[in-house]
Q: 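Here's a structure for you.
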There are 2 protein chains.
Amino acid sequence: MNLLLEKIKNEGRVLSENVLKVDSFINHQIDPKLMYEVGIEFARRFKNKQITKILTIESSGIAPAVFLGLELDVPVIFARKRKSITLNDNLLVSKVHSFTKQETNDVTISKDYIFENDNVLIVDDFLANGQAALGLINLAEQANANVVGIGIIIEKSFQEGRSLLLEKGYHIESLARIKSLANGQVSFY
Amino acid sequence: MNLLLEKIKNEGRVLSENVLKVDSFINHQIDPKLMYEVGIEFARRFKNKQITKILTIESSGIAPAVFLGLELDVPVIFARKRKSITLNDNLLVSKVHSFTKQETNDVTISKDYIFENDNVLIVDDFLANGQAALGLINLAEQANANVVGIGIIIEKSFQEGRSLLLEKGYHIESLARIKSLANGQVSFY
Ligand SMILES: Nc1nc2c(ncn2[C@@H]2O[C@H](COP(=O)(O)OP(=O)(O)O)[C@@H](OP(=O)(O)OP(=O)(O)O)[C@H]2O)c(=O)[nH]1
Ligand SMILES: Nc1nc2c(ncn2[C@@H]2O[C@H](COP(=O)(O)OP(=O)(O)O)[C@@H](OP(=O)(O)OP(=O)(O)O)[C@H]2O)c(=O)[nH]1
């Protein structure tokens with residue numbers, strides 16, 4: 001997706017060989033037109049999957065997920081990492097490990113919104129070590145839904161998330177695949 | 001906004017005389033088509049404000065904010081309530097008090113994305129006691145931006161947020177105004 005690659009080249013900041021900062025258009029400021037195009041592109045790549053639900057996780061996954069939801073006219077559910085005053089009924093919980101923080105946290109959805117046989121597309125902004133994606137897959141599977149694909153805006157292909165998910169047989173579509181962040185430079189596949 | 005009022009009447013659940021649950025279309029599952037219409041409606045109500053930025057707060061404010069951002073073609077910034085691995089530069093911080101939790105928390109944005117003389121529209125899902133809105137206003141004002149309005153999906157008009165903000169001279173547009181949640185019933189103005 002050229003528009004995205006250009007945005008990353010022009011506005012992305014390499015913070016270390018492991019971290020790319022894209023706060024100016026994804027993680028703090030959001031470019032709505034870009035996200036709209038991201039939604040269109042995900043819809044194109046997952047055509048014929050008969051998606052019935054989109055599952056993401058707060059916060060940066062919400063924008064790309066809702067634009068895909070608009071394009072496909074399907075509901076979007078965002079899993080929560082923290083308690084909410086209304087998310088208190090019929091919960092499904094999955095544990096997600098953070099290597100950076102050296103801790104494991106609960107990620108939660110309500111069974112009220114994902115049903116047996118829903119065809120769920122998982123969407124997130126980054127794919128790094130894959131723990132968040134695995135957590136969302138686990139939630140969908142606890143609900144007996146089918147995970148029909150995983151849509152990622154930026155994949156750090158030098159981390160293990162992609163291969164972890166591919167080995168398990170999931171269909172991943174990453175709109176930007178980063179080969180390396182070494183020497184302060186973004187290089188794409 | 002009829003579509004919204006119908007959604008609240010059909011899917012809203014009154015949890016107490018102070019809390020309305022709308023997890024099925026705003027706070028956990030999101031209805032993208034409804035949010036698209038919310039964006040159109042906010043744009044209509046704030047026409048001629050020459051909005052240059054939309055400011056919201058994670059997580060439930062993001063969807064309505066990005067659809068308004070799409071409609072107006074302006075960037076959206078979401079303030080953070082928790083640390084993020086990339087939000088670490090040029091921070092502006094505001095304290096927001098939670099009556100329920102009896103605690104005060106930091107809400108943060110980066111100065112890199114809101115500029116002096118930006119015409120900022122604040123967007124959020126709920127307006128209750130107004131503390132979150134005041135926190136966002138404070139952030140925008142620390143950046144010397146102009147808060148040109150506040151767009152709210154659901155206002156609980158029996159709580160003090162609306163009058164607090166009106167007294168300070170802000171232009172508020174609430175798409176649903178709830179007079180009462182007594183006796184398990186939603187009644188609108
Ligand atoms: N900008 C940026 N972010 C990265 C990068 N690699 C991972 N992340 C994000 O950082 C957060 C790190 O998550 P951790 O749970 O601490 O995981 P980890 O240490 O095992 O990688 C996640 O954001 P999150 O919890 O989903 O946060 P939110 O933005 O949705 O609130 C993830 O998406 C990167 O190279 N650049
Ligand atoms: N569903 C629902 N939510 C309400 C209602 N009244 C307030 N809220 C939300 O509850 C959260 C309460 O915030 P607190 O900071 O604890 O504030 P408070 O006790 O002073 O009201 C806020 O969500 P938040 O922090 O913005 O959470 P998020 O959903 O964006 O993650 C606010 O939007 C209500 O009647 N119904």
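Letters A, B, ... mirror the listed sequences (proteins, then strands); counts begin at 1. Note: hydrogens, waters and symmetry copies are ignored here, and every other heavy atom, side chains too, is used.
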Q: Hey, does A:Ile62 have a side-chain heavy atom less than 4.5 Å from the side chain of B:Ile30?
A: yes
Q: Select one option (side chain, backbone, both, neither) describing which atoms of A:Ser84 are under 4.5 Å from chain B's heavy atoms.
A: neither
Q: Counting only heavy atoms closer than 4.5 Å, note whether B:Val66 contacts chain A via side chain, backbone, both or neither.
A: both
Q: Checking heavy atoms, do the side chain of A:Ser16, its backbone, both or neither come under 4.5 Å from chain B?
A: neither
Q: Please state whether the side chain, the backbone, both or neither of A:Ile26 comes within less than 4.5 Å of a heavy atom of chain B.
A: backbone
Q: With a 4.5 Å cut-off on side-chain heavy atoms, are B:Pro75 and A:Phe25 touching?
A: no
Q: Does A:His28 reach the main-chain N or O of B:Ile77 with its side chain, forming a donor-acceptor pair under 3.5 Å?
A: no
Q: Begin with the C-alpha distance, continue with both residues' side-chain angles, and end with the deciding distance and a verdict on side chain to side chain contact (heavy atoms under 4.5 Å, CB included) for A:Asp23 and B:Tyr113.
A: CA-CA 9 Å; A:Asp23 274 22; B:Tyr113 309 116; 3.4 Å; yes
Q: Would a hydrophobic clustering, with Ile, Leu, Val, Met, Phe, Trp and Tyr connected at side-chain separations under 4.5 Å, put B:Phe158 with B:Leu127?
A: no
Q: Side chain, backbone, both or neither: which part of A:Ile109 has a non-hydrogen atom closer than 4.5 Å to chain B?
A: both
Q: Would you say CG of A:Asn90 has more than 12 non-hydrogen atoms from neighbouring residues, nucleotides or ligands within 6.0 angstrom?
A: yes
Q: Relative to chain B, which segment of A:Arg82 carries a heavy atom at a distance below 4.5 Å: side chain, backbone, both, or neither?
A: side chain
Q: Report whether A:Val38 and A:Val74 are members of the same hydrophobic cluster (ILVMFWY, side-chain heavy atoms less than 4.5 Å apart, transitive linking).
A: yes
Q: Give the intermediate values and the outcome of side chain to side chain contact (heavy atoms under 4.5 Å, CB included) for residues B:Asp73 and A:Lys33.
A: CA-CA 7 Å; B:Asp73 193 13; A:Lys33 286 225 155 136; 3.4 Å; yes
Q: How many angstroms lie between atom CE of A:Met35 and atom CZ of B:Phe67, to the nearest 0.5 angstrom?
A: 12.0 Å
Q: If I measure from the heavy atoms of chain B, does A:Val76 come under 4.5 Å with its side chain, its backbone, both, or neither?
A: both
Q: When hydrophobic residues are tied together by side-chain contacts of less than 4.5 Å, even through go-betweens, does A:Ile122 share a cluster with A:Leu165?
A: yes
Q: Given heavy-atom pairs under 4.5 angstrom as the criterion, report whether the side chain, backbone, both or neither of A:Leu70 touches chain B.
A: both
Q: Do A:Leu4 and A:Ile178 land in one hydrophobic cluster if side-chain heavy atoms of ILVMFWY residues count as linked below 4.5 Å?
A: yes
Q: Report which part of B:Thr108 has an atom under 4.5 Å of a heavy atom belonging to chain A: side chain, backbone, both, or neither.
A: backbone
Q: Can you tell me which of B:Asp31, B:Leu87, B:Asp112 forms the most heavy-atom pairs within a distance under 4.5 Å of chain A?
A: B:Leu87
Q: Report yes or no: do B:Asn27 and A:Thr86 form a side-chain donor-acceptor pair below 3.5 Å?
A: no
Q: Please report the interatomic distance CZ(B:Arg80) to OG(A:Ser59), rounded to the nearest 0.5 Å.
A: 5.5 Å
Q: Does any backbone or side-chain atom of B:Val22 lie under 4.5 Å from a heavy atom of chain A? Answer side chain, backbone, both or neither.
A: neither
Q: Taking a hydrophobic cluster as the set of Ile, Leu, Val, Met, Phe, Trp and Tyr residues connected by side-chain heavy atoms closer than 4.5 Å, whether directly or through intermediates, do B:Val93 and B:Leu55 fall within one such cluster?
A: no
Q: Could you tell me which portion of B:Ser24 (side chain, backbone, both or neither) has an atom closer than 4.5 angstrom to a non-hydrogen atom of chain A?
A: both
Q: So with a 6.0 Å cut-off around CG of A:Asn10, is the heavy-atom count from everything else above 12?
A: yes
